[in-house]
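Worksheet for the structure shown next.
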Amino acid sequence: ALNSNKPLAEKIAAEVGVPLGKSSVKRFSDGEIQINIEESIRGDEIFLIQSTSAPVNDNLMEILIMIDALRRASAKTINVVLPYYGYARQDRKARSREPITAKLVANMLTMAGADRILALDLHAVQIQGFFDIPVDHLMGAPLLADYFLSNDLAENAVVVSPDHGGVTRARKLADFLKTPIAIIDKRRPRPNVSEVMNIIGNVNGKRAIIIDDMIDSIELCLSHHIDKQTRPKLYNELSEKLCKWGVTKRSIPLIEYCFKLYINDKACFGNFNVKAENVEEAYDIAYTTLASKLSGILPNIDIPYYVEAVN
């Protein structure tokens, strides 16, 4: 396990009944990554758990350097487990002179020496074809469906795809839940900014279950028009848990988004003034105020949890 999500690796190891391998990740004074494998792995089958999430470049370099170290230490096979595949958004040339970073990362992992990739809910299923090595693509829809069914949350629900590209994913979850689907027709004027144009399907008065492969700005859970139509039965607790999971993994900048949401949509939070002598004090005051107002959108939020996680 590397640094992206050690708690996850520890849980997997405990479930499988195998201790985590002994290794260390350090940094030289100039920021270079130093990795040492502190036990013999000659002839062993290695499962390396690392997400290339934020900080994406550091985590990506960690995994490449570790793969090289494992290969040079005579590991029999190197199986890379990627719960989150970074740079997956750029999987095609949407405009002239754009890179295809999903393919670039696939080439880097293959050339470094990975023998197999195990990925979860890739941004696009065709990314599997970017690899010249075996890829096991796992889907989270069955587990999510089991949660909703076991908690009687599928009644009067509608599965919502946040964009046209996620319709297949939404339909699979809807098939498990035996519910209809709806689609958000939106456009992106720039990265991490989306504008809802229309909603295709009936969501009025229903519990909206929004499924997506990645959530890094949480706009859908907080401010999209679908919330205005389904607010009486919107499943806010799921949004809350997604926030917590994301903050824990340092992949959802919830507080930063709250500031952006306040700036762009003051009607959501109302006006308030921040008077402070420095940036840190202003941040604390604004955060406390925003958090209390945010609790009206996401009920039962654990405010101290967010303070600790963000700090």
Does the side chain to side chain contact (heavy atoms under 4.5 Å, CB included) test come out yes or no for Leu2 and Ile49, once each step is laid out?
-> CA-CA 7 Å; Leu2 294 174; Ile49 303 170; over 6 Å; no

Run the numbers on Leu70 and Ile37 for side chain to side chain contact (heavy atoms under 4.5 Å, CB included), then give the verdict.
-> CA-CA 8 Å; Leu70 294 170; Ile37 300 172; 3.4 Å; yes

Verdict with reasoning, Leu82 to Leu118, per side chain to side chain contact (heavy atoms under 4.5 Å, CB included) | CA-CA 6 Å; Leu82 289 170; Leu118 194 152; over 6 Å; no

Under the side chain to side chain contact (heavy atoms under 4.5 Å, CB included) criterion, do Ile33 and Ile35 qualify, and how do the steps go?
-> CA-CA 7 Å; Ile33 298 170; Ile35 288 180; 3.9 Å; yes

Applying side chain to side chain donor-acceptor pair (under 3.5 Å), run through Lys103 and Asn107 and close with a yes or a no.
-> CA-CA 6 Å; Lys103 171 61 174 173; Asn107 288 343; 3.2 Å; yes

Exercise answer: donor-acceptor pairs, residues 173-181 side-chain atoms, under 3.5 Å, sequence neighbours excluded:
from, atom 1, to, atom 2, distance (Å)
Lys178, NZ, Asp175, O, 3.3

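Within the structure, salt bridge (Lys or Arg N to Asp or Glu O under 4.0 Å) pairs that include any residue of residues 40-56 do not occur (at least two apart or interchain).
Atom CD of Glu10 has more than 12 heavy atoms from other residues, nucleotides or ligands within 6.0 Å. Remark: Lys26 NZ is loosely packed, at most 12 non-hydrogen atoms of other residues, nucleotides or ligands lying under 6.0 Å away.
Arg71 contributes a side-chain N or O that, together with a main-chain N or O of Ala112, makes up a donor-acceptor pair within less than 3.5 Å. Side-chain N or O atoms of His137 include one that pairs as donor or acceptor with a backbone N or O of Leu122 at under 3.5 Å. Judged by distance alone, the side chain of Glu39 and the main-chain N or O of Lys22 form a donor-acceptor pair under 3.5 Å. Side-chain atoms of Gln128 come within 3.5 Å of backbone atoms of Val125 as a donor-acceptor pair (strictly under, hydrogens ignored).
Legend: residues meeting salt bridge (Lys or Arg N to Asp or Glu O under 4.0 Å) with Arg116, ordered by chain and number and at least two apart, are Asp136. The side chain to side chain contact (heavy atoms under 4.5 Å, CB included) search around Leu120 returns Leu138, not counting sequence neighbours. Considering only residues two or more places apart in sequence or on other chains, Glu98 meets the side-chain hydrogen bond (donor to acceptor under 3.5 Å, both in side chains) condition with Arg95. Every residue meeting the side chain to side chain contact (heavy atoms under 4.5 Å, CB included) condition with Asp91, not counting sequence neighbours, appears here in chain and number order: Ala102, His123, Ala124, Gln126, Ile127, Phe130.
Exactly one residue among Ile67, Ile133, Asp68 makes a side chain to side chain contact (heavy atoms under 4.5 Å, CB included) with Ile78. That residue is Ile67.
Salt-bridge check for Arg169 with Asp163: failed, with every basic side-chain N at 4.0 Å or more from each acidic carboxylate O.
Ile41 and Phe47 fall into different hydrophobic clusters, where Ile, Leu, Val, Met, Phe, Trp and Tyr are joined by side-chain heavy atoms under 4.5 Å apart, directly or via other members.
In the model, Tyr84 has no side-chain atom that pairs as donor or acceptor with a side-chain atom of Asn59 under 3.5 Å. For the 3.5 Å distance criterion, the side chains of Glu38 and Ser23 fail to qualify, holding no donor opposite an acceptor.
The two residues Thr77 and Asn79 make their nearest non-hydrogen contact at OG1-ND2, 3.4 Å. The two residues Ile46 and Ala75 have their closest heavy-atom pair at CG1-CB, 3.7 Å.
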